[in-house]
Amino acid sequence: MVTKQGSGVSGQTLDKSQLLRLYEQMTTIREFEERAGKEFAAGKIPGFVHLYAGEEAVAVGVCTHLTDDDYITSHHRGHGHCIAKGVSLREMVAELLGREAGACRGKGGSMHIADVNKGMLGANGIVGGGFPLATGAGLTAKHNGRGQVAVCFFGDGAANQGTFHEGLNLSGIWKLPVVFVAENNGYAETTPVAYHMSCRDIADRAAGYGMPGVTVDGLNVFAVYEAAGEAIARARRGEGPSLIECKTYRYHGHFEGDTILYRTKEEEESYHARDPITALHRSIIDRGIAQDAELDEIDKRVQNSIDLSWEFAEAQPYPSPEEALTDVYVKYP
Ligand SMILES: Cc1ncc(C[n+]2csc(CCOP(=O)(O)OP(=O)(O)O)c2C)c(N)n1
Ligand SMILES: [Mg+2]
């Protein structure tokens, strides 16, 4: 069954500390991404960088329900998932800069940050690469029998990969505790969803794999939080997988350096007018949960921790050449 939720969900069940935490995490992701964009433009970050700004409500609305014992899989636009799952900012920046102190000792870079101690099984440069990993993690969780959940974040483009269908089918058959979270940001690289997808909503596909599917406003962190809460609780109870589609938008180009010739300024502005962090800020103030000054303090704290993580990472050494031969499957004699 597919249910559609609009923007009207207001998060009335969340208390002050929970609301401020959502705000702090979403702001951390936004500021992290804006800084990464600037540093990339200054030539400081090697390789490709795909920024998550605009989509923060999805990672945070979902990961708020998870512990370090739960698993997530991510994709090429993975910084937001790492932050929401608790990966250290210092290790993330060091990874972006290819330093030894990076989350993957500088070998992964932006597209391959992983931290298994936090249940973050990896960002992934292979579109659709997360489905088999999340399905396998779900199988592990089921065998462990302690109520763990695996969440698979993926884009609209990834929903057309064979791995999507295989992962959802197996999870459906085996009733695995996996929550598939589609981040439908309207484009796969430069191709609009209406051109590349055979149905309007990704959630419509859930029925084909025997699981519930829901489409929510991915710019509304409360809508994401509520839908994710239900799906995750269901998975923990052993009732099987779910698919949540979050309609969202990426503010930056597909990658840093993209000239963005495939969408209009009007479209971009219409999404900026519905900014997920501004909306949360407004909701907190309007409901009298906190004053501007308290949120300003959070903004400052976030800025400071990002500044410190860059200072830390830039002072770290690069790995030694021998490091290239460690953590590999086959050892060179
Ligand atoms: C298997 C594979 N095919 C193609 C690519 C090239 N590629 C990188 S990102 C991307 C589009 C992904 O779109 P979507 O899943 O919607 O994620 P978004 O970038 O919008 O977050 C493509 C085609 C790739 N990295 N891997
Ligand atoms: Mg997309």
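When a ligand or atom number is given, it counts from 1 through the structure's own listing order.
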Would you call [X] and [Y] a salt bridge, taking side-chain N to carboxylate O under 4.0 Å as the test?
X	Y	answer
Glu55	Arg250	no
Asp275	Arg282	no
Glu245	Lys247	yes

### Message
For a quick check under 3.5 Å, do Arg99 and Tyr318 share a side-chain donor-acceptor pair by atom type?
### Response
yes

### Task
Evaluate the ring planes of His76 and His254, with Trp represented by its six-membered ring, and classify them as parallel (under 30°), tilted (30 to 60°) or perpendicular (over 60°).
tilted

### Message
Angle between ring planes, Tyr52 versus His81, binned at 30° and 60°: parallel, tilted or perpendicular?
### Response
perpendicular

### Task
Take the Mg ion (ligand 2) and tell me which protein N, O or S atoms are nearer than 2.8 Å.
Asp156 OD1, Asn185 OD1, Tyr187 O

### Message
Can you confirm whether Arg21 is buried at CZ, in the sense that more than 12 heavy atoms of other residues, nucleotides or ligands lie under 6.0 Å from that atom?
### Response
no

Which N or O atoms of ligand 1 sit under 3.5 Å from a protein N or O, and how far apart is each pair?
| residue | atom | partner | partner atom | Å |
| --- | --- | --- | --- | --- |
| ligand 1 | 7 (N) | Glu189 | OE2 | 3.2 |
| ligand 1 | 15 (O) | Gly157 | N | 3.2 |
| ligand 1 | 15 (O) | Ala158 | N | 3.0 |
| ligand 1 | 16 (O) | Asp156 | N | 3.3 |
| ligand 1 | 16 (O) | Asp156 | OD1 | 3.2 |
| ligand 1 | 16 (O) | Asp156 | OD2 | 3.2 |
| ligand 1 | 16 (O) | Gly157 | N | 2.8 |
| ligand 1 | 16 (O) | Tyr187 | O | 3.1 |
| ligand 1 | 19 (O) | His76 | NE2 | 2.7 |
| ligand 1 | 19 (O) | Arg77 | NH2 | 2.8 |
| ligand 1 | 19 (O) | His254 | ND1 | 3.4 |
| ligand 1 | 20 (O) | Asn185 | OD1 | 3.0 |
| ligand 1 | 20 (O) | Asn185 | ND2 | 2.9 |
| ligand 1 | 20 (O) | Tyr187 | O | 2.9 |
| ligand 1 | 21 (O) | Arg77 | NE | 2.9 |
| ligand 1 | 21 (O) | Asn185 | ND2 | 3.3 |
| ligand 1 | 25 (N) | Gly125 | O | 2.8 |
| ligand 1 | 26 (N) | Val127 | N | 3.1 |

#### Entry: With Glu39 via salt bridge (charged side-chain N to carboxylate O under 4.0 Å, His left out) - residues at least two apart
Arg35, Lys44

### Query
Which pairs with one or both residues in residues 161-185 pass salt bridge (charged side-chain N to carboxylate O under 4.0 Å, His left out), sequence neighbours excluded?
none

